[in-house]
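Have a look at the structure below before the remarks.
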Amino acid sequence: MNKPRVFITEDERLVAISLQWKLNSLGYDVVGIASSGQETIEKIIETHPDLILMDIKLKGSLDGIETADQLRSKFDIPIIYLTAYDDDATLQRAKITEPFGYLLKPYQARDLRTTIEMALYKHTIDRELKAKEQWSQATLSSIGEGVVTTDIHGKVTFMNSVAEQLTQWLQTEAVGREISKVLNLVNVKSGQTIANPIMTAMATKQVVNQAEDTMLIAKDGRTIPIDNSGAPIIDDQGQVNGGVLVFRDVTERRELEEQLHQSKKLEALGQLAAGVAHHFNNLLTSIIGYATFAKDTLPKDQLAANDLERVLEASGKAATLTHQLLAFARQEQIQPHLTDFNLLVKKIWDNLIDSIQASISCRVVFAPDVGAVKLDTSQFEQLLTHLVDNACDAMPTGGQLIVETQKAWIQEAYCDQIIDIPPGEYALLIVTDTGLGMTDEVKAHLFEPFFTTKPVGQGTGLGLATCLGIVKQHHGHIFLQSSPKEGTCVKVFFPAQP
Ligand code: ADP
Ligand code: MG
């Protein structure tokens, strides 16, 4: 083993030399001697010893304690004071610099050796402890979930960066505060504050999970749905000496659950609508039939013939509506053919473009590799028309409309994130606008038949409901991203032909 390398700071040359001999005879290497604080600091940078023996009375402006204090902030080298002073004031000052030993002159060689050995050993242990602590901190900081620890009284002692991000509290501000102030938890349904599970976990010595309905209110007032779990920190003696809370943002999962709930609701609505539409259609057939007969028997200039013409017009509109309802409810038979996706989009787009107001700039982007898809072309035309109509309605004062085709390969991993879409190859139709966008409230009802935010006479609320019906019949999927004032992007996935 290498000899420990010792540095001596001693203002009396003779004492220093004699100490050096003593140390050599005890098996240490003396790597440097200095008589002032300043000289010590300079030489330590070059020599990097394992230990410093420091006299307190020195030459120059710094005494031993002041020198030790400066060294402590720059280097991790243990210091032992060798001094003739043992008054209270000196001892108190020395303590603050956390020395590894304090030897009073005159001392025995034996005491010197024990003190040095203990200091070196303690320093090694300290280093290992520090490394372990750093490792734990680094691990806790790298965890992808929020982690907060508290002391036994529920005061925050640590939080990792994910916890900082979610709560909007900085660790430096949060440490020492009550956990309930930093992690303000409420029940989504009742709006009531929830006790932090850390407190219950510490009281019961058990892990407490809170998975449902918990909302975190961040420092800036933002609300984030979370799952969390509190656990007691138990020492080797079995005593609880703190608590740890692990929590994660579950916004995405709750949204997916909401979507699933929504699509179940739509299915039920669809069945209801289909039943009504079916009967209604039969009645309309009679109305249209008898009104036509009656009109045909009347001379054209009769006022009643005119009225019957209105009846027929209105019935025609009602029939279109019922067809839309039936399409939404997936009751109409579709007739899919293998169709070149890009060509079809182009053909429909060429018909649509003339009716788009001039203040909207339009762009069409075709991906080269989309190929053929099995589609009912007239239904697909309805779909694209509804989407373009909605986009244009959202841009009353102009904007940009992009119609795009794309090919997508959905991987398993992606399927977990987007509910209900099996892995595979898809042809995508994407309609993007820079219009008004939608609030969460509007988004929640989008696909419901008759849901519209447009004035009476302008919107039927059947556009997206119909689109959903069409997409489902083609075993496709429709997703919509939208933010108020930023615009909307609708993506429709059709299974590609193998
Ligand atoms: P309608 O267009 O007859 O209102 P839809 O089912 O097509 O019925 O659309 C329902 C509602 O969804 C609209 O009233 C509108 O509030 C909203 N919406 C649909 N598409 C968009 C869009 N591109 N931008 C903003 N809002 C939209
Ligand atoms: Mg519409």
Side-chain angles (χ1 to χ4, degrees), residues 255 258-259 262-263 265-270 272-274 276-277 317-332 345 348-349 351-353 355-357 359-365 378-405 428-473 476-493:
E255 271 174 16
E258 183 52 32
Q259 277 177 24
Q262 201 59 25
S263 73
K265 198 165 96 184
L266 281 179
E267 209 158 300
L269 247 174
L272 182 77
V276 174
K317 279 187 189 156
T320 313
L321 263 176
T322 35
H323 282 300
Q324 284 192 6
L325 259 183
L326 285 168
F328 154 71
R330 284 178 270 157
Q331 295 283 318
E332 273 194 337
V345 172
I348 301 168
W349 176 251
N351 286 332
L352 286 175
I353 183 118
S355 56
I356 294 176
Q357 76 226 51
S359 59
I360 295 175
S361 78
C362 301
R363 203 150 66 88
V364 196
V365 186
S378 84
Q379 298 251 329
F380 183 82
E381 180 170 2
Q382 268 196 51
L383 169 85
L384 180 52
T385 311
H386 282 308
L387 295 182
V388 168
D389 282 352
N390 280 347
C392 293
D393 287 348
M395 300 186 286
T397 54
Q400 203 185 10
L401 168 67
I402 306 172
V403 173
E404 225 173 312
T405 65
L428 252 79
L429 171 71
I430 308 173
V431 178
T432 311
D433 66 65
T434 56
L436 302 168
M438 285 170 244
T439 59
D440 286 343
E441 174 62 20
V442 172
K443 271 193 251 176
H445 299 288
L446 270 188
F447 293 107
E448 286 174 15
F450 305 113
F451 174 80
T452 180
T453 57
K454 295 170 191 172
V456 180
Q458 269 183 42
T460 60
L462 280 174
L464 286 176
T466 308
C467 289
L468 182 69
I470 295 171
V471 171
K472 288 260 148 109
Q473 272 185 303
H477 306 270
I478 182 163
F479 298 104
L480 206 137
Q481 284 171 320
S482 182
S483 322
K485 299 205 191 89
E486 279 176 26
T488 302
C489 172
V490 186
K491 288 188 181 175
V492 189
F493 291 69

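We count ligands from 1, going down the list as the structure has it; atoms in each ligand are counted the same way. Just so we're clear, the structure is a prediction, and the values are computed from it rather than from any experiment. The figures here come from the full heavy-atom set of this structure, side chains too, leaving out hydrogens, waters and symmetry mates.
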| Which ligand 1 atoms does G459 reach within 4.0 Å, using its non-hydrogen atoms? | 3 (O)
| task | Could you tell me the residue and atom name of the protein heavy atom closest to atom 6 (O) of ligand 1, and the distance to it rounded to 0.1 Å? | result | L464 N, 2.8 Å
| Heavy atom of the protein closest to atom 10 (C) of ligand 1 (residue, atom name, distance) | F451 O, 3.3 Å
| Can you tell me which residue and heavy atom of the protein come closest to atom 4 (O) of ligand 1, and the distance to 0.1 Å? | T452 OG1, 2.5 Å
| query | Tell me: protein heavy atom nearest atom 8 (O) of ligand 1, and distance? | reply | G461 CA, 3.3 Å
| field | Distance filter under 4.0 Å to L446 heavy atoms, resulting ligand 1 atoms | value | 12 (O), 17 (C)
| task | Would you please determine whether G437 falls within less than 4.0 Å of ligand 1 on a heavy-atom basis? | result | yes
| task | Using a strict cut-off of 4.0 Å, indicate which atoms of ligand 1 neighbour a heavy atom of T460. | result | 3 (O)
| note | When distances are taken from atom 7 (O) of ligand 1, the protein heavy atom at minimum range is N390 ND2, 2.8 Å
| How close does the nearest protein non-hydrogen atom get to atom 27 (C) of ligand 1, and which residue and atom is it? | M438 CE, 3.4 Å
| message | Please check: side-chain N/O of S482 versus main-chain N/O of G487, any donor-acceptor pairing under 3.5 Å? | response | yes
| request: Consider ligand 1: state whether an atom of it lies below 4.0 angstrom from any non-hydrogen atom of H386. | output: no
| field | Positive for side-chain contact (heavy atoms from CB on, under 4.5 Å) with C392, one of D389, N390, V388 | value | V388
| request: Starting at CG of L436, measure out to NZ of K485 and round the result to the nearest 0.5 Å. | output: 9.5 Å
| task | Could you tell me whether D433 approaches ligand 1 through its side chain, its backbone, both or neither, with non-hydrogen atoms closer than 4.0 Å? | result | side chain
| What residue and atom, counting heavy atoms only, is the protein's closest point to atom 2 (O) of ligand 1, and at what distance? | K454 NZ, 2.6 Å
| message | Checking contacts here: is it the side chain or the backbone of T453 that comes within 4.0 Å of ligand 1, counting heavy atoms only? Could be both or neither. | response | both
| query | Would you say N390 reaches the Mg ion (ligand 2) with an N/O/S atom under 2.8 Å? | reply | yes
